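This report refers to the structure that appears directly beneath it.
As the structure is a computational prediction, the values presented were derived from the model and not from experiment.
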Amino acid sequence: MMDTPICDFVRAYAQTDVQRLHMPGHKGIGPLGVEALDITEVEGADELYRSSGIIHQSQENAARLFGAARTLYSTEGSSLAIRAMVYLAALYAHAQGETPRIAAGRNAHKVFMTAAALLDVEVDWLFGEHWEGLASCSITGKGLENYLTRADEPPTAVYITSPDYLGNLADIRGLARVCRKFGVLLLVDNAHGAYLRFLPEDLHPMTLGADLCCDSGHKTLPVLTGGAYLHLSHSAPELIHEHAQTAMELFASTSPSYLILQSLDAVNAVLVDDYRLRLAEFVRAVEQTKERLTRAGYLLVGNESLKLTLAPRSRGYTGTQLAEYLAGQGLVCEFADPDYVVLMLAPENGLECLELVEQALINLPKQECELPHVPPMCRPEQGYSPHRALLCAGEERVVEECRGTVLVSPMVSCPPAIPIVVCGEVIDDAAIALMRYYGVGRCRVIEKEKV
């Protein structure tokens with residue numbers, strides 16, 4: 001058994017008859033029925049980003065579970081942890097007397113872009129060896145080593161998204177080996193992979209050699225939305241350990257949700273109970289479902305255990321059409337675009353849900369239909385630094401009128417928040433084609449000479 005100090009404190013507080021002369025304004029009473037457990041940082045409740053009491057104890061429990069030297073909670077999702085990772089990399093670079101620079105897979109989430117722009121961190125974009133659309137970027141150890149060997153000035157860190165939105169797992173162990181060889185940090189956006197630690201084969205980035213990584217507990221574990229982690233490895237520089245709480249506090253709300261904190265605390269006890277066994281059994285069932293769908297003619301994408309990603313062109317449908325069909329069957333997908341449909345699974349779905357998904361897909365008749373294909377990849381020229389461009393107001397235009405201009409919006413992205421063009425880049429014909437393909441109609445730009 002594992003203790004749950006945050007849950008224990010809040011439940012005990014909720015059972016007292018004290019008058020709540022503090023925030024929140026509902027005073028423990030309200031229509032949702034959870035208000036009694038929604039408190040603020042009263043005496044004994046600890047302080048999230050200066051923790052030394054019950055939150056600190058709970059975070060130590062989580063660190064042991066995830067194999068990290070240190071784990072910090074976020075009640076604002078992995079977005080907060082990503083900003084903190086970028087800040088810590090920049091801080092480390094400055095301490096070394098270097099220009100902060102991060103080499104990042106191009107499928108990074110938009111929060112990485114905005115953090116780098118605000119902190120004036122230079123970004124070298126890494127493009128995958130194969131163009132699979134915006135959501136994937138297959139960075140290999142060999143490719144990374146080639147980039148680092150050729151780099152005039154090595155980056156402070158390499159930033160990888162794994163698993164990506166389509167369920168592709170990067171070779172984190174191989175990438176970590178290359179990063180250690182060249183003396184650069186490895187940061188991993190593992191938002192979709194918190195559960196990887198608990199598979200029969202531990203595939204979590206902390207195990208495979210990452211220096212820092214974020215997990216969104218709420219994406220794949222039984223955690224309330226917003227519950228996430230920042231993990232620090234035993235090998236991360238001491239400076240990063242010293243400033244990790246400050247990095248989180250810098251970007252975080254001063255009013256963290258104690259409902260989310262309790263959820264993160266409670267899941268620790270779940271994870272040491274029978275979760276590994278339930279996960280292993282469910283993953284086996286998912287693999288069997290995938291095998292049967294493949295035999296039925298579906299093209300599946302990715303190698304992640306808890307994602308079922310379909311490329312339905314093999315059946316004559318766009319991803320959007322297939323998602324609409326599934327919704328009509330009472331099966332609501334995580335994400336769909338013209339090329340893919342993503343279903344995120346968890347043991348909490350149960351075997352019956354898997355059977356419903358399989359039956360609905362098998363019952364959908366194959367059709368012959370001419371479908372548009374994703375335009376070629378674009379590699380926009382950088383006109384100005386993201387930091388400089390972000391501080392320009394610009395003007396909004398339809399995309400066809402943006403050729404040759406510099407983007408000043410934080411980014412133009414497709415769902416799920418992955419960039420077509422990043423702030424400071426010049427919009428070219430290839431970018432416009434992708435914008436139209438993914439349904440982007442307008443963006444905010446400035447003429448290059450006006451920046």
Side-chain angles (χ1 to χ4, degrees), residues 63 66-72 78 81-93 95-96 98-109 111-113 115-116 119 121-129 136-151 153-164 168-194 196-197 202-216 228-241 243-244 247:
F66 285 94
R70 189 175 184 188
T71 292
L72 299 176
S78 280
I82 289 169
R83 295 184 186 106
M85 287 198 294
V86 175
Y87 171 77
L88 289 168
L91 185 72
Y92 183 67
Q96 304 293 107
E98 301 170 355
T99 299
R101 180 181 292 104
I102 298 177
R106 183 66 180 197
N107 64 333
H109 190 276
V111 171
F112 170 79
M113 326 294 174
L119 292 166
V121 173
E122 296 181 8
V123 179
D124 287 348
W125 292 112
L126 303 176
F127 292 85
E129 297 179 3
S136 292
C137 185
S138 53
I139 308 298
T140 64
K142 181 179 179 181
L144 179 60
E145 183 158 6
N146 289 339
Y147 158 77
L148 291 172
T149 300
R150 296 193 310 268
E153 185 179 345
T156 309
V158 170
Y159 181 95
I160 297 294
T161 302
S162 177
D164 66 27
N168 296 295
L169 289 165
D171 177 15
I172 297 300
R173 193 186 302 278
L175 295 170
R177 191 179 303 117
V178 173
C179 286
R180 284 194 298 272
K181 177 179 176 179
F182 286 85
V184 300
L185 301 172
L186 178 60
L187 319 181
V188 179
D189 175 356
N190 185 55
H192 285 248
L196 295 173
R197 168 71 174 175
D202 180 357
L203 296 176
H204 195 273
M206 282 291 97
T207 305
L208 301 181
D211 293 292
L212 295 167
C213 88
C214 65
D215 294 347
S216 287
Y229 312 93
L230 173 64
H231 301 298
L232 285 70
S233 74
H234 293 274
S235 61
E238 184 59 32
L239 179 75
I240 286 179
H241 281 270
H243 291 272

note = Sorted by chain and number, sequence neighbours left out, side chain to side chain contact (heavy atoms under 4.5 Å, CB included) with Ser138 holds for Glu129, His130, Glu132
task = Tell me, please, which residues at least two apart from Ala84 pass side chain to side chain contact (heavy atoms under 4.5 Å, CB included).
result = Leu230, Ala247, Met248
task = Start with the C-alpha gap between Leu185 and Cys179, add the side-chain angles, then the distance that decides, and say whether side-chain contact (heavy atoms from CB on, under 4.5 Å) holds.
result = CA-CA 6 Å; Leu185 301 172; Cys179 286; over 6 Å; no
What heavy-atom pair brings [X] and [Y] nearest, and what distance separates the two atoms?
X: Leu186; Y: Leu175; answer: CD2-C, 4.3 Å
X: Pro163; Y: Leu169; answer: CG-CD2, 3.5 Å
X: Trp125; Y: Gly105; answer: CZ3-O, 3.7 Å
X: Pro205; Y: Val188; answer: CG-CG1, 3.8 Å
X: Leu144; Y: Val158; answer: CD1-CG2, 3.9 Å
X: Leu187; Y: Met85; answer: CD1-O, 4.0 Å

request  = For His204, check ring pair (Phe, Tyr, Trp, His ring centres under 6.0 Å) against everything at least two apart and list the hits.
outcome  = Phe66, His231
Is any side-chain heavy atom of [X] less than 4.5 Å from a side-chain heavy atom of [Y]?
X: Ile172; Y: Ser162; result: yes
X: Asn190; Y: Leu196; result: yes
X: Asp124; Y: Tyr147; result: yes
X: Val123; Y: Phe112; result: yes
X: His109; Y: Thr161; result: no

Rounded to the nearest 0.5 Å, what separates atom [atom1] in [X] from atom [atom2] in [Y]?
X: Cys137; Y: Ile160; atom1: SG; atom2: CD1; value: 7.0 Å
X: Asp189; Y: Asn107; atom1: CG; atom2: CG; value: 9.0 Å
X: Arg101; Y: Glu153; atom1: CZ; atom2: CD; value: 4.0 Å
X: Asp171; Y: Thr140; atom1: CG; atom2: OG1; value: 8.5 Å
X: Asp215; Y: Met206; atom1: CG; atom2: CE; value: 8.5 Å
X: Tyr87; Y: His243; atom1: OH; atom2: NE2; value: 7.0 Å

message = Treating Ser78 as the side-chain partner and Ala81 as the backbone partner, does any N or O pair qualify as donor plus acceptor under 3.5 Å?
response = no
request  = Check whether any side-chain N or O of Thr149 sits under 3.5 Å from a backbone N or O of Glu145 as a donor-acceptor pair, and report yes or no.
outcome  = yes
